[in-house]
Amino acid sequence: MGVDIFGRPRFTCMSPFCVCADFFSRSQRDLEEVEGQGTEAMEQLESKYHSMTCQAKSVYQLTCANCGHTAETHSMNEPTQAEAASTSDPARLAAAAAVTPVAAPTDVDGD
């Protein structure tokens, strides 16, 4: 279970064809990446954050690093067992990865 900046639990992404099962903000991802790198890396991350505008901070805090969707597209209700199973369902994964087929070119010569 992920938690947004307001402390609200966020679960499965509700955007069509998205297979993201848990909200994880971009700021949480960056913080985890620099935690073991020492104080200099943490200071650089803090500097980056403090140089952002208010709107950029909101986007940084409320965008999922896993799928790129906003926190509000992630359900605040814990998924049922059936819903949790469907996020790893091969058919759902295939649908999410499917590319719209392109029509084959028509025969110009009429042959």
May I ask you to decide if the ring planes of Y60 and Y49 are parallel, tilted or perpendicular, using 30° and 60° as cut-offs? tilted
Quick one: closest heavy-atom pair of F24 and N66, and the distance? CB-ND2, 3.5 Å
Report the distance from atom CZ of F23 to atom OG1 of T63, rounding to the nearest 0.5 Å. 7.0 Å
By side-chain hydrogen bond (donor to acceptor under 3.5 Å, both in side chains), S25 pairs with (sequence neighbours left out) S27, Q28
Spatial distance of atom CZ (F6) from atom CG (L62) [nearest 0.5 Å]: 5.5 Å
Quiz: residues 36-47 side-chain donor-acceptor pairs under 3.5 angstrom, not counting sequence neighbours:
{"residue": "Q37", "atom": "NE2", "partner": "E33", "partner atom": "O", "Å": "2.9"}

If I take atom CG from residue L31 and atom CZ from residue R26, how far apart are they, to the nearest 0.5 angstrom? 16.0 Å
Which one of C64, S15, P9, C18 satisfies the side-chain contact (heavy atoms from CB on, under 4.5 Å) criterion with H74? C64
Using the test salt bridge (charged side-chain N to carboxylate O under 4.0 Å, His left out), find all partners of K48 that sit at least two apart in sequence or belong to another chain. D30
Taking A71's backbone N and O only, do any of them form a donor-acceptor pair with R10's side chain (distance below 3.5 Å, no angle check)? yes
From K57 NZ over to M52 CE, what is the distance, rounded to the nearest 0.5 angstrom? 8.5 Å
Rounded to the nearest 0.5 Å, the CD atom of Q55 sits from the OG1 atom of T53 at a distance of 6.0 Å
